[in-house]
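To start, the structure under review is shown below, and the notes come after it.
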Amino acid sequence: MYILNVAIDVPLYKLFSYNHVSKLAIGTRVKVHFATKEVVGFVLGYEQDNALHNLKPILEVYPEILDSEVLQLIRFCSQYYHYPIGQTVMQAVPKYYRQTEIINYKFKQPRNVIVGENIVNVVILNKEQQYIVNNISQHFNEFYPSLLYGITGSGKTEVYMELIYNCLLNDQQALVMVPEINLTPQLLERFINRFPTVNIKIMTSQVTNRERLKAYVEAEAGEANIIIGTRLSIFTPFKNLGLIIVDEEHDLSFKQNDNLRYHARDLAVFRARIANCPLVLGSATPSIETLYNYQQGKYHYYKLSNRANTNAVLPTIKIVDTNIYSDKAGLTSVALEMLNECLKNNELSLVFINRRGYAPIVCCNDCGYVVTCANCSVNMVYHSVTRDLKCHHCGVSNDIPKYCPQCNSTNLSAVGLGTQKIEELLKKQLPHARVYRIDQDTLVSKKSWIELYKKINNHEIDILIGTQILAKGHDFANLTLVICLAIDNGLYSHDFRSSEYLYAQLTQVSGRAGRSDKKGTVLLQTSNPNHPIYHYLFNNDFNGFVNEILAKRYVLQLPPYTYYAMLRVSGKSMNKVMDCLYQVAAIHVNDKDIVVYPPLPAIIQRLKNKERGQLLITSINRDKLHRYIDLIQFQLQHKIKPKQVSWLIDVDPFEL
Ligand code: ADP
Ligand code: ZN
Ligand code: ZN
């Protein structure tokens, strides 16, 4: 008899033992009894043992076996993020794998892939691009990580596609990871045009479970040649993975902020190492972590310093001080004039509103009360189309209250600068302009993107108004003016990374301007024009900006010079949450390299009806930090055993 050790979807840091007459391959999907249920598990170990153990038997053996490379990644992930192994496996596989049913999946007739055929839109690479492609292509079949730093529009995507082409010629597969918001129909179309006879599959949280399964299975069988996906695609099995690309590697969406709190870019480095393949981390504003790794000699470095379209140059940055040019309504007179000028020239402009931590709220004009969500400690956001209030955290919507709950006044109104408010203002100030507003509320489907592009190409729009959703990835040829509003919010934050985020975001959105023959202009409206970040943006001096940040981080001993982990506790009662945190904080630390900060309520203290608290632990030594987390976990499970709260560890946290 054999004892099989099986990973099951439960929040426990161990495997469970079952009996079976034979051994099974590591990674085999099985059905077992657990508690009173029949559940799916994955065999992660076995030993031969003829002694009688009262173990339950394996109920069913399914044909699926997890790919060994993916398994290695899962084990690493479970260890590094201190997340239960069974739950890690379940996060990594498609939903069908988690169900106690036979997976019916039939391949279509495999296609004949002829890479070189039918390519219509091949761009002739410029010298810089060709140099990069040639260099990286010499390192297929070895671990070769590089940072590709290229300003917006410098032709990074063309470099990716040429590298993928070479990878396919080697009969290998490519994984392209992009932020969710960047996977636009336009990008997909570029790939399809470039590789018309190649099997390209999409893997995002947006695709159906069936489609995800299909992409997963086809990649595993070597049928899918290119997988384009968001962070979860890092867990895709490949028959012969030859190249990994992480586009916009600095993007926050690569970090998952619930359950398994992994960072897909960091996992991509591990994956490329075990797959023995080149990895390209591309960005116009690489993350501080990646730049630091490069400085440490961990990555190769390639740079694209000019816009690929030789007529297109980087836009001119202008800064307008809102203290001088009053902007009571949100737009300065300077901005309005420039919009008007653009309108006269029949050019497209974009008004970008940074909504990070900023949205219209409803408040009482008599006592200052602001309407907050009953489940979460955040302000409700006013939506003028539906004329109601929505919580952007839990999704609850409510009518606007008739009376102030605090002072009974009826004098309630919406304040703040939202896209809708700017739309109303522009329609009043520039009545001839055809204004088109886009944000998550108005634009969700692929069809509406296609319609938007059509409208823009037919010159049916003069001014676009939008948020983050418009900042990235889009290529509107006639766009010459970008006006950025409410950007200062990004400066006043508790988060030490906030100016880095703001720099990346403004660079991204500025990069939309002047992508073809007409030179672009970007106007930044700020009440803080002397802030150093605007100086660096104005001079397009990303290196200077990064050096300043790294110097500050060094002095303050912040990441990447130290390592962070956050213990997050939540529950119905704040007392119980804090009590748990204080017990952990009291665990004796016998090492000056470990710093445990005092417990604190989370920034959003109440979320979806749960109170939340956190404990920050830092160390200059990564291994020591991990050993200390092990100790905390042990104490939580076996000594503290907190009641009515749940806890988790967030390694390399981004939410502080
Ligand atoms: P990035 O990914 O760096 O933003 P893209 O690859 O999207 O840049 O390129 C920006 C624009 O320049 C695109 O319209 C692209 O087709 C064009 N382009 C890229 N490389 C070249 C090239 N070598 N010659 C001509 N046009 C190019
Ligand atoms: Zn009031
Ligand atoms: Zn809420």
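As the structure lists them, so they are numbered: ligands from 1, and atoms in each ligand from 1. Along the sequence shown, the residues carry numbers beginning at 1. FYI, side chains are in, hydrogens and waters are out, and symmetry mates aren't considered; it's all heavy atoms of this structure.
To the nearest 0.5 angstrom, Y160 atom OH is 10.0 Å from I136 atom CD1. Remark: N543 CG to N540 CG distance equals 10.0 Å, nearest 0.5 Å. With rounding to the nearest 0.5 Å, the separation of CZ in F254 from CD1 in I234 is 9.5 Å.
For ligand 1, the atoms sitting less than 4.0 Å from at least one non-hydrogen atom of I124 are 22 (C), 23 (N), 24 (N), numbered in the order shown with element in parentheses. In summary, the atoms of ligand 1 found under 4.0 Å from a heavy atom of N126, numbered by their order in the structure, are 23 (N). Every atom of ligand 1 is numbered from 1 in the order shown, and the set under 4.0 Å from a heavy atom of K156 is 1 (P), 2 (O), 3 (O), 6 (O), 8 (O).
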Please step through ring-ring contact (aromatic ring centres under 6.0 Å, His included) for the pair Y294 and Y149, ending with a clear verdict.
CA-CA 11 Å; Y294 152 65; Y149 169 49; 9.9 Å; no
Check against side-chain hydrogen bond (donor to acceptor under 3.5 Å, both in side chains), Q256 and R231
CA-CA 8 Å; Q256 174 150 300; R231 61 172 180 257; 3.1 Å; yes
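From the protein, the heavy atom lying nearest to atom 8 (O) of ligand 1 is G155 N, 2.9 Å. When only non-hydrogen protein atoms are considered, atom 10 (C) of ligand 1 lies nearest to G153 O, 3.6 Å. For atom 15 (C) of ligand 1, the nearest non-hydrogen atom of the protein is R190 NH2, 3.9 Å. Nearest protein neighbour of atom 14 (O) of ligand 1, counting heavy atoms only, is D475 OD2, 3.5 Å. In terms of protein heavy-atom proximity, atom 20 (N) of ligand 1 is nearest to Q129 NE2, 3.0 Å. Ranking the protein heavy atoms by distance from atom 16 (O) of ligand 1 puts E158 OE2, 3.6 Å first.
Between the choices L125, V123, T157, the shortest heavy-atom distance to atom 24 (N) of ligand 1 belongs to V123. For atom 19 (C) of ligand 1, the candidate residues are A308, S283, G511; the nearest heavy-atom contact is made by A308.
Using cut-offs of 30° and 60° for the angle between ring planes, the Y144 and H300 rings count as parallel. Ring geometry, F542 versus Y503: the interplanar angle falls from 30° to 60°, so the pair is classed tilted.
To the nearest 10 degrees, the Zn ion (ligand 2) sees SG of C404 and SG of C407 at an angle of 110°. Vertex the Zn ion (ligand 3), arms ending at SG of C376 and SG of C373: the angle is 110° after rounding to 10 degrees.
Taking the ring axis of F654 as reference, the NZ or CZ atom of R497 stays within 45° of it and closer than 6.0 Å to the ring centre.
Looking at K572, K576, Q605 one by one, the single match for side-chain hydrogen bond (donor to acceptor under 3.5 Å, both in side chains) with E611 turns out to be Q605.
Taking only nitrogen or oxygen atoms, main chain and side chain alike, T152 does not reach within less than 3.5 Å of ligand 1.
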